[in-house]
Amino acid sequence: MSVKRSSIHGQWSSRWAFILAATGSAVGLGNIWRFPYLTGENGGGAFVLVYLICVVLVGIPILMAEVLVGRRGRQSPINTMRALAVEEKLHPYWSLLGWMGVVAGFIILSFYSVVAGWTLAYIFRIGTGIFVDSDAAFSEKIF
């Protein structure tokens, strides 16, 4: 028997807003910055084809599963996995899966904070005029 849950969290303003947020989260900075470089260096088309196949076969099902578990649980990842394990009479260790999601998010945000620091340093250096009439070798020395 299913238990009726109420959510303390907000709702997306539209389906389009959710799609954009999920896409931004899934794509990430690595795919925007490093993907074109690696594609050019390693043969191009074959790499893109394998990448798209992996996105379709792995990424989309994981995204759908995450959304479905979140909608069913309507709690934090840890509490959702704990509640669903109790509801389905599974081992309580399933809550560790929720903890893994939280830790993964923490690690990803740690990486993004470093990238944000680099970006702020770069903006500051641009504001000081240090890059005026500079070449690639000079810029490489700075960073």
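The analysis underlying the following values was restricted to heavy atoms, covering all of them including side chains, and did not include hydrogens, waters or symmetry mates.
Under the side chain to side chain donor-acceptor pair (under 3.5 Å) criterion, Glu88 pairs with Arg72, not counting sequence neighbours.
Here the closest heavy-atom approach between residue Ser14 and residue Ala17 is recorded as OG-N, 3.1 Å. For His91 against Ala85, the heavy-atom pair with the smallest separation is O-CB, 3.7 Å. The two residues Ala83 and Gln75 make their nearest non-hydrogen contact at CB-NE2, 4.1 Å. The two residues Ser95 and Ile78 make their nearest non-hydrogen contact at CB-O, 4.1 Å.
In this structure, the separation between CG on Asn79 and CZ on Arg74 is 15.0 Å, given to the nearest 0.5 Å. To the nearest 0.5 Å, atoms CD1 (Ile130) and CZ (Arg125) are separated by 6.5 Å. Atom CH2 in Trp12 sits 11.0 Å away from atom CD1 in Ile19 (nearest 0.5 Å). The CG atom of Leu20 sits 13.5 Å away from atom CZ of Arg15, with the distance rounded to the nearest 0.5 Å. Between Leu90 atom CG and Arg82 atom CZ the span is 14.5 Å, to the nearest 0.5 Å.
Tested against Phe111, the residues Ile107, Val114, Val115 include a single side chain to side chain contact (heavy atoms under 4.5 Å, CB included) partner, Val115.
At a threshold of 4.5 Å between side-chain heavy atoms, the hydrophobic network of Ile, Leu, Val, Met, Phe, Trp and Tyr places Trp94 and Leu84 in one connected group. The hydrophobic clustering, which links ILVMFWY residues whose side-chain heavy atoms are closer than 4.5 Å, places Leu68 and Ile62 apart.
Distance alone, capped at 3.5 Å, is enough to place a donor-acceptor pair between the Ser134 side chain and the Phe131 backbone. Here the side chain of Thr80 pairs no donor or acceptor atom with the backbone of Gly70 at under 3.5 angstrom.
Within 6.0 Å of the CZ atom in Arg71, the count of heavy atoms belonging to other residues, nucleotides or ligands does not exceed 12. Within a 6.0 Å sphere centred on OH of Tyr122, heavy atoms belonging to other residues, nucleotides or ligands number 12 at most.
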